[in-house]
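Have a look at the structure below before the remarks.
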Amino acid sequence: MIDIKKLRDNLEDIKIALKKRGYDLDESSFKSLDDSRKELQVDVEGLQAERKQLSSEFGKLKASGKDTSDLKKIIDEKNSDLENKDADLQEVLSKLNSLLLDMPNIPDDSVPIGSSEEDNKVISQHGEIKTNNTQDHLEITKKIDTELAAKLSGSRFAVLKGDLAKLQRSLISFMIDCAINNGYKEYYVPFMANEESLTGTGQLPKFEEDLFKASDKLYLIPTAEVPLTNLFRDEFLNEKDLPVKVTSHTPCFRSEAGSYGKDTRGLIRQHQFEKIELVQITHPSDSMNCLETLLNNACEILNKLELPYQIVELCSGDLGFSSAKTFDIEVWMPSQNKYREISSCSNFTDFQARRSNIKYKSKDGNNFVHTINGSGLAVGRCLIALIENNFDGKDTINIPSCLEQYFGSNEIKVN
RNA sequence: GGAGAGUUGGCUGAGUGGUCGAAAGCGCCUCCCUGCUAAGGAGGUAACUGGGCAACUGGUUCGAGGGUUCGAAUCCCUCACUCUCCGCCA
């Protein structure tokens with residue numbers, strides 16, 4: 001959520017900044033709403049103050065045994081006036097609030113301008129593309145079974161068999177251990193979240209169709225970002241404890257509404273996938289540095305897995321709703337002959353902190369923290385990358401040495 | 001599933017219709033005292049938000065929402081959550 005005071009004072013600048021990411025701010029409707037808010041609020045609070053005083057007089061009058069009927073008449077009038085004005089005020093406030101909840105974050109000044117994915121900027125490339133394999137992961141191994149999953153559940157699910165299931169479990173442990181070594185505290189969290197939590201991180205109210213709703217009040221989490229960030233909702237943190245670094249492995253559930261026909265084959269885009277999430281709660285002055293650190297923490301995993309990847313800075317038009325600045329990490333997918341996203345590391349500045357009411361105390365008073373997060377990493381896509389990059393062309397997938405202590409072998413037979 | 005108790009400031013916890021944003025204690029901050037430390041003494045210490053250039057000055061908030069009342073932390077209703085006991089259960 002954007003700071004409404006900031007919005008009032010810098011309406012033109014913010015309109016221009018939001019334009020960069022394709023959001024058209026209706027400034028006149030904001031201004032007229034805010035103006036009537038001001039007028040109504042002053043009225044309402046004035047009437048409340050009057051009522052307070054009159055009620056106290058009423059009490060005294062009554063205590064002294066005098067007649068209160070005249071005063072009651074006055075109070076009744078004021079009260080009905082107050083009731084009407086307050087109803088108007090509540091309506092205006094609720095409109096203003098919806099407007100703010102639907103506004104995306106302001107892109108950081110450093111974000112490259114652009115309208116779509118096409119305009120994203122490749123920052124760097126790492127590792128060496130070693131294979132000329134063109135088979136995709138489903139062709140390489142029958143240990144991923146999407147037909148069986150279709151019987152159980154439907155499309156966009158997968159069953160992993162035997163040592164491939166174990167490889168996934170090994171990847172999860174490896175990634176979590178990397179995070180812990182980098183100073184993140186591990187959490188086990190609920191995989192369902194309520195409306196407040198999802199509003200706090202920005203999925204609701206605007207993107208409900210992307211979520212699976214489990215009951216009246218609960219949604220399946222689309223990422224561990226939701227529970228991890230909301231651990232701190234409505235909390236004050238000590239300035240000296242920042243940045244707070246937390247991690248969790250969870251399954252993630254996404255409806256993938258609107259992506260019909262896209263990435264329909266294999267593990268690349270599933271309704272359910274495993275992910276390790278890295279979250280940092282930071283001091284506002286430090287958040288961009290922390291984003292660099294978090295990005296490095298995620299890259300370290302690909303370095304150790306010896307998978308080729310590139311770092312991409314998202315342009316203004318491709319930024320997620322809540323993000324002010326995002327770097328994607330894209331891993332090489334031989335069968336697609338291109339790099340595909342395996343992690344997205346973002347600085348949300350105070351956007352989520354405002355929605356979630358996460359603050360720190362300092363000598364200068366209370367202030368909103370900044371939140372940072374990124375995948376470290378998406379496990380399903382990591383599996384694809386390992387299978388396709390490390391297939392020997394015959395019958396074996398080689399397992400990188402960093403996984404051996406978890407997996408217990410340096411290879412998987414494809415059948 | 002059954003029965004009961006509870007939810008108040010950073011924490012513990014008092015408070016059954018106006019003088020309560022709220023006693024007391026703890027914690028924290030400032031100062032005093034004391035070779036240092038500890039102990040002791042004095043004062044301060046909720047959040048959110050409006051108006052105003054400012055000095056300053058309003059409003060809201062005692063789990064959430066509604067109701068009663070001139071007036072609600074306090075009375076009534078609904079809901080959420082926490083805890084205890086019983087039953088069941090991985």
Side-chain angles (χ1 to χ4, degrees), chain A residues 1-10 30-101 188-200 204-205 213-219 227 230-242 244 281 350-369:
Chain A
M1 185 140 59
I2 295 178
D3 183 1
I4 191 167
K5 281 181 229 159
K6 197 166 152 189
L7 188 58
R8 266 177 215 138
D9 297 343
N10 308 282
F30 170 76
K31 233 179 150 332
S32 74
L33 267 178
D34 194 47
D35 286 346
S36 39
R37 184 225 96 232
K38 182 164 165 179
E39 190 185 324
L40 285 165
Q41 188 167 348
V42 169
D43 280 1
V44 164
E45 290 181 0
L47 285 165
Q48 283 171 332
E50 275 187 75
R51 178 180 66 183
K52 225 175 184 174
Q53 204 210 326
L54 291 174
S55 286
S56 136
E57 278 173 33
F58 185 100
K60 283 176 197 146
L61 209 57
K62 190 144 197 186
S64 68
K66 290 181 184 146
D67 177 48
T68 55
S69 57
D70 289 348
L71 185 54
K72 179 161 165 30
K73 202 179 276 174
I74 296 171
I75 292 175
D76 283 347
E77 275 168 31
K78 293 273 178 203
N79 268 346
S80 94
D81 197 11
L82 175 61
E83 205 175 323
N84 292 331
K85 284 252 168 59
D86 192 46
D88 292 347
L89 177 62
Q90 292 314 320
E91 196 186 325
V92 168
L93 284 178
S94 128
K95 281 184 186 162
L96 215 42
N97 194 244
S98 313
L99 186 71
L100 284 173
L101 281 175
Y188 172 81
V189 293
F191 302 158
M192 295 190 212
N194 59 26
E195 193 181 307
E196 293 78 54
S197 294
L198 285 152
T199 304
L204 291 179
K213 196 165 189 175
S215 73
D216 278 358
K217 289 166 188 159
L218 291 172
Y219 296 82
N230 277 282
L231 290 173
F232 306 99
R233 175 152 54 87
D234 294 321
E235 299 285 341
F236 277 98
L237 298 165
N238 285 323
E239 190 175 24
K240 65 176 188 328
D241 294 337
L242 302 176
V244 174
I281 311 292
D350 60 357
F351 189 84
Q352 293 181 325
R354 279 180 193 286
R355 289 175 161 244
S356 310
N357 190 30
I358 308 173
K359 296 185 169 178
Y360 67 95
K361 282 185 186 286
S362 77
K363 288 198 176 67
D364 311 323
N366 304 327
N367 201 0
F368 289 105
V369 299

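All chains are named by letter (A, B, ...) in the order of the sequence lines, taking the proteins before the strands, and each is independently numbered beginning at 1.
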Pairwise [atom1] distance for [N] and [M], with rounding to whole Å:
N      : M      : atom1 : result
B:rU12 : B:rG63 : P     : 14 Å
B:rU69 : B:rA47 : C1'   : 28 Å
B:rC76 : B:rG27 : C1'   : 38 Å
B:rA22 : B:rU60 : C1'   : 15 Å
B:rA5  : B:rA90 : P     : 31 Å

Indicate, with a heavy-atom threshold strictly under 4.0 Å, whether [X] touches base, sugar-phosphate, or nothing.
X       : answer
A:Lys73 : nothing
A:Arg8  : sugar-phosphate
A:Lys78 : nothing

Using whole Å, what does the distance between atom [atom2] of nucleotide [N] and atom [atom1] of [X] come to?
X        : N      : atom1 : atom2 : result
A:Leu71  : B:rU69 : CG    : P     : 17 Å
A:Lys5   : B:rG51 : NZ    : C1'   : 13 Å
A:Asp241 : B:rG10 : CG    : P     : 17 Å
A:Asp86  : B:rG66 : CG    : C1'   : 14 Å
A:Asp3   : B:rU49 : CG    : P     : 9 Å
A:Leu40  : B:rG51 : CG    : P     : 13 Å
A:Gln90  : B:rG59 : CD    : P     : 17 Å
A:Phe236 : B:rU45 : CZ    : C1'   : 14 Å

(message) Going by side-chain contact (heavy atoms from CB on, under 4.5 Å), name the residues that satisfy it together with A:Asp35, two or more places apart in sequence or in a different chain.
(response)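 In terms of side-chain contact (heavy atoms from CB on, under 4.5 Å), with neighbours along the sequence ignored, A:Asp35 is linked to A:Lys31.
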(request) Could you check which residues of residues 43-61 of chain A get a heavy atom under 4.0 Å from RNA chain B? Sort them by number, please. (result)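 Result for residues 43-61 of chain A: A:Glu45, A:Gln48, A:Ala49, A:Lys52, A:Ser55, A:Phe58, A:Gly59, sorted by number.
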(request) Run the salt-bridge test on A:Lys73 and A:Asp76 with the 4.0 Å N-O cut-off and return the result as yes or no. (result)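 Looking at A:Lys73 and A:Asp76, the cut-off is not met.
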Indicate yes or no for a side-chain donor-acceptor contact from [X] to the backbone of [Y] under 3.5 Å, with no hydrogens or angles considered.
X        : Y        : result
A:Asn84  : A:Ser80  : yes
A:Ser55  : A:Lys52  : no
A:Asn238 : A:Lys240 : no
A:Arg355 : A:Glu196 : no
A:Ser197 : A:Ala193 : no
A:Ser356 : A:Arg233 : no

(message) Applying side-chain hydrogen bond (donor to acceptor under 3.5 Å, both in side chains) as the test, list every pair that has at least one member in residues 87-100 of chain A; sequence neighbours left out.
(response)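 Qualifying pairs, neighbours excluded: A:Asp86-A:Gln90.
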(message) Could you tell me if the side chain of A:Met192 sits less than 4.5 Å from the side chain of A:Tyr219, heavy atoms only?
(response)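 A side-chain contact is absent here, since even the closest heavy-atom pair is not under 4.5 Å.
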(request) For the residue pair A:Leu7 and A:Leu100, establish whether any side-chain heavy-atom pair is separated by less than 4.5 Å. (result)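 Yes. Closest side-chain heavy atoms under 4.5 Å.
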(request) Report yes if at least one side-chain N or O of A:Asn79 is closer than 4.0 Å to OP1 or OP2 of B:rC70; otherwise report no. (result)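 It does not, given that no N or O in the side chain of A:Asn79 lies less than 4.0 Å from OP1 or OP2 of B:rC70.
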Within the sub-3.5 Å range, which N or O atoms of nucleotides 54-56 of chain B have a protein N or O partner, and how far apart are they?
none

Between the protein and nucleotides 74-82 of chain B, are there any N/O to N/O pairs under 3.5 Å, and if so, what are the atom names and distances?
none

(message) Does A:Glu195 have more than 12 heavy atoms from other residues, nucleotides or ligands lying within 6.0 Å of its CD?
(response)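 Open: at most 12 neighbouring heavy atoms sit under 6.0 Å from CD of A:Glu195.
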(request) For atom CD of A:Glu57, decide whether the heavy atoms of other residues, nucleotides or ligands shown that lie under 6.0 angstrom number more than 12. (result)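 Check passes, neighbour count above 12.
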(request) Starting from the 5' end of RNA chain B, give me the residue, A:Arg37 or A:Asp76, whose nearest nucleotide shows up first. (result)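 Final value for this comparison: A:Arg37.
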(request) Could you run through RNA chain B and flag its stems, i.e. three or more consecutive Watson-Crick or G-U pairs with both distances under 3.5 Å? (result)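 When the pairs of RNA chain B are grouped into runs of at least three, the stems are B:1-7 with B:80-86, B:10-12 with B:24-26, B:27-32 with B:40-45, B:46-51 with B:56-61, B:63-67 with B:75-79.
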